[in-house]
Structure formats: C-alpha cells, structure tokens
Amino acid sequence: MKLQILITQYKETDEVVKPLLDSIAIQQGIDFNDIGVLICNDGTDVLLSKELIDSYTFRIEYWQNEHKGVSGTRNALMDMATADYIMFCDADDMFLSVCGLYQIMLDINGGFDALNPVFIEEYCKNGKTTYITHKDDTTFIHGKVYRRQYLIDNNIRWNEDLTIHEDSYFNVIALNMSDRVRICNTPYYLWKYRADSVCRSEERRVGKECR
C-alpha cells in the first residue's frame, strides 16, 4: 500500500467525521487499492458506528485505544501503519480538492521523505468566515505527508508530554532531518473551523490574513 491516512478520533461523532470520509470517497484519478484509512479512538465512549465505517468501499480500519491524548494516539496510529507513506488528518477536517490524493500520488511517485503542501484554513470571527492560505508552514500537520520508513529510521515520533503545539515539535524535526522535502503549491487540505479548538479558544493560533 502506498498511502495510509491516519485519523485521531476523540469525541467526534459520525456527523463530524463523515465529511472527511466523504471527501476521501470522491477522490478522482487514483487506485483505491493504494489507499488505506486508519482511525483510532482515544479511549472515549463516543465511538463511530459500524454503519458509517461499512458505508465506504475503500479500506478503513477502526479501533479503540486507551486514552493517551492526541500525540499518544498518533504514535499508536504510526505503529499500526504499514504503508510506504502516511498522512495525519484531524477527524473534523476534510480534503479541499477531489484531486488531492491524485496530487499526493504524483509526488509519491517522485519520491520524498516529507511533503509540505500549501493548505487552507477556515476561520470564523464575529459571524464572518474567511479562508487563510498557509505556505511554507512548519506549525501545523495539516496536509503533510511523510515516508514512514524515514520516520522509523530517525526515531521521529510525537512527544506525548506536549498538550499544545505538538504539531510544531513533530514537523520541525521531521522537515529538517532530510534534504528530500517536496513542496506542493496546489492546496488539497482544508483545516475546518471549530470554535472550541485549543489554538483558537486560547488565542494561540498562528496564521496570516487572507492573501
């Protein structure tokens, strides 16, 4: 398998996760035999339904882990992964483009240790929604793809002691230990707005105005 999409699920319901899975299901120009989805529940009683998981034709593996927080859950997903490349997705985000996986596969065919794409952030303030473009980003995991064996060989893992900015810790290490980093200027990932996000509710968000 070429790519596995790794999704952490905490208290997100079927209704929250469905748009992400739907956005995978409508991807164009790819062989879904090359794609797998791993979803790990972080030790909560809010479980995704079998009906939701079984409604998709692409491969989804879903299991419940003991509660470890987002970093511990991402490490558990990495340990379960078997594909050549892995991509982390938040359960409430989605693919922006129906050609997103096609673009990733083109880059995978060229080979890389890390793929750092432009991605789009949805942001809401005072009832107004705006969309922010992030380029050359090391702060957020959104849309980034890593060669799994590269992470294993360099023992690059999520720091389970961090409860905020764990993305930055992981990305800074992973993006700077290799000279085989590709940049993708075609955005394919949408970071959806969530009012109770730690980055936003505590005003720790790092971003730029729309441009």
Side-chain angles (χ1 to χ4, degrees), residues 1-12 16-17 20 24 35-44 46-48 60-95 104 108 112-117 119 121 134 136-178 180-182 184 188-192 194 196-202 204-207:
M1 189 182 302
K2 292 185 178 180
L3 175 69
Q4 282 174 310
I5 300 166
L6 312 186
I7 303 169
T8 56
Q9 183 238 343
Y10 184 49
K11 293 184 177 180
E12 294 87 1
V16 173
V17 179
L20 171 57
I24 296 171
I35 304 295
V37 174
L38 300 182
I39 308 174
C40 184
N41 174 277
D42 184 20
T44 75
V46 181
L47 299 177
L48 300 180
I60 301 177
E61 297 178 57
Y62 178 58
W63 76 98
Q64 185 178 33
N65 202 34
E66 62 180 299
H67 179 61
K68 290 187 174 182
V70 65
S71 292
T73 304
R74 284 173 173 168
N75 281 334
L77 284 160
M78 288 176 61
D79 292 339
M80 287 291 293
T82 58
D84 297 333
Y85 291 83
I86 58 175
M87 173 185 184
F88 296 94
C89 285
D90 290 343
D92 54 355
D93 290 341
M94 62 187 296
F95 279 87
I104 291 172
I108 284 177
F112 59 82
D113 289 330
L115 177 66
N116 190 4
F119 70 91
E121 174 187 359
H134 292 264
D136 301 324
D137 168 78
T138 58
T139 302
F140 303 107
I141 196 66
H142 308 315
K144 295 176 177 61
V145 181
Y146 290 104
R147 187 169 67 86
R148 187 173 64 86
Q149 194 60 47
Y150 159 70
L151 299 177
I152 293 172
D153 291 344
N154 290 281
N155 194 30
I156 301 172
R157 294 179 65 81
W158 293 85
N159 187 333
E160 298 185 18
D161 292 329
L162 294 179
T163 58
I164 190 171
H165 296 320
E166 64 279 346
D167 287 21
S168 299
Y169 174 91
F170 185 89
N171 288 326
V172 167
I173 295 173
L175 291 172
N176 284 281
M177 289 190 69
S178 173
R180 298 181 69 241
V181 178
R182 281 182 177 265
C184 178
Y188 52 75
Y189 189 97
L190 179 62
W191 176 19
K192 293 283 291 178
R194 195 179 76 213
D196 59 354
S197 166
V198 172
C199 292
R200 287 147 171 161
S201 62
E202 298 188 12
R204 295 176 180 175
R205 172 177 162 273
V206 179

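Positions are given from 1, in the same order as the sequence printed here.
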**Q** State which residue, out of W158, F170, F88, fulfils the ring pair (Phe, Tyr, Trp, His ring centres under 6.0 Å) condition with Y146.
**A**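 With Y146 as partner, ring pair (Phe, Tyr, Trp, His ring centres under 6.0 Å) holds for just one option, F170.
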**Q** Do D90 and K192 sit within salt-bridge range, that is, some charged N less than 4.0 Å from a carboxylate O?
**A**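 Answer for the salt bridge query: no.
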**Q** Just wondering, do K68 and T8 contact through their side chains at under 4.5 Å, heavy atoms?
**A**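 No, their side chains stay 4.5 Å or more apart.
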**Q** To the nearest 0.5 Å, what is the distance between CG on L20 and CG on L190?
**A**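 Taking CG in L20 and CG in L190, the distance rounds to 10.5 Å.
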**Q** Dump the intermediate steps for side chain to side chain contact (heavy atoms under 4.5 Å, CB included) on K144 and L175, then the final yes or no.
**A** CA-CA 10 Å; K144 295 176 177 61; L175 291 172; 4.2 Å; yes
**Q** Taking R180's backbone N and O only, do any of them form a donor-acceptor pair with D113's side chain (distance below 3.5 Å, no angle check)?
**A**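 No, because the side chain of D113 does not come within donor-acceptor range (under 3.5 Å) of the backbone of R180.
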**Q** Kindly say whether A174 contributes a backbone atom to a donor-acceptor pair with the side chain of Y150 at under 3.5 angstrom?
**A**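 Here the side-chain-to-backbone pair exists.
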**Q** When rounded to the nearest 0.5 angstrom, what distance separates NE2 in H142 from CG in D167?
**A**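 The NE2 atom of H142 sits 6.0 Å away from the CG atom of D167.
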**Q** Between Y85 and F112, is there a donor-acceptor pair closer than 3.5 Å when you use the side chain of the first and the backbone of the second?
**A**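 A pair under 3.5 Å: yes.
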**Q** Quick check against the 3.5 Å criterion: does S71 have a side-chain atom that pairs as donor or acceptor with the backbone of E160?
**A**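 No.
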**Q** Is any NZ, NE, NH1 or NH2 atom of the basic residue among R147 and D153 found under 4.0 Å from an Asp or Glu carboxylate oxygen of the other?
**A**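 Here R147 does not pair with D153 in a salt bridge, since their nearest N and O are not under 4.0 Å apart.
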**Q** May I ask you to decide if the ring planes of F140 and F119 are parallel, tilted or perpendicular, using 30° and 60° as cut-offs?
**A**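 F140 vs F119 ring planes: perpendicular.
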**Q** So I86 and L151, do their side chains get closer than 4.5 Å, heavy atoms only?
**A**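 Side-chain contact under 4.5 Å: yes.
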**Q** For the residue pair Y10 and H67, establish whether any side-chain heavy-atom pair is separated by less than 4.5 Å.
**A**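 SC-SC contact between Y10 and H67 confirmed.
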**Q** Check step by step if side chain to side chain contact (heavy atoms under 4.5 Å, CB included) holds for V37 and I7.
**A** CA-CA 8 Å; V37 174; I7 303 169; 3.7 Å; yes
**Q** Got a second to check how far N171's CG is from T138's OG1, nearest 0.5 Å?
**A**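 One gets 6.5 Å once the value is rounded to the nearest 0.5 Å.
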**Q** Using modelled atom types and a 3.5 Å cut-off, is there a donor and acceptor pairing between side-chain atoms of E12 and backbone atoms of V17?
**A**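 Flag not set: sc E12 to bb V17 has no pair under 3.5 Å.
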**Q** Could you state the interatomic distance from CZ (F95) to CD1 (I24), rounded to the nearest 0.5 Å?
**A**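 CD1 of I24 is found 5.5 Å from CZ of F95.
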**Q** Could you go through the side chain to side chain contact (heavy atoms under 4.5 Å, CB included) check for Q9 and V46 one step at a time?
**A** CA-CA 9 Å; Q9 183 238 343; V46 181; 4.3 Å; yes
**Q** Could you tell me whether the side chain of Q64 and the main chain of T44 form a donor-acceptor pair under 3.5 Å?
**A**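 Between the backbone of T44 and the side chain of Q64 there is a qualifying donor-acceptor contact (under 3.5 Å).
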**Q** Verify side chain to side chain contact (heavy atoms under 4.5 Å, CB included) between I141 and R74, making sure each step is shown before the conclusion.
**A** CA-CA 11 Å; I141 196 66; R74 284 173 173 168; 3.8 Å; yes
**Q** Mind checking the CD1-CG spacing from I156 to N176? Nearest 0.5 Å is all I need.
**A**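 Interatomic distance, I156 CD1 to N176 CG, rounded to 0.5 Å: 10.0 Å.
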**Q** If you define the side chain from C-beta out and look only at heavy atoms, does anything of I108 sit under 4.5 Å from D84?
**A**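 A side-chain contact is absent here, since even the closest heavy-atom pair is not under 4.5 Å.
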**Q** Please check this pair: side chain of R148 against backbone of T82, looking for a donor-acceptor N/O pair closer than 3.5 Å.
**A**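 Flag set: sc R148 to bb T82 pair under 3.5 Å.
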**Q** Does N116 use its side chain to pair, donor to acceptor, with the backbone of D137 at less than 3.5 Å?
**A**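 Present.
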**Q** Rounded to the nearest 0.5 Å, how far does CD1 of I5 lie from CD1 of I60?
**A**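 Those atoms lie 9.5 Å apart.
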**Q** Does Y188 reach the main-chain N or O of G143 with its side chain, forming a donor-acceptor pair under 3.5 Å?
**A**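 Yes; judged by distance alone, with no hydrogens or angles, the pair exists.
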**Q** Using atom types as modelled and distance alone, determine if a side-chain donor or acceptor of Y169 lies under 3.5 Å from a backbone N or O of N159.
**A**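 No, Y169 side chain to N159 backbone: no donor-acceptor pair under 3.5 Å.
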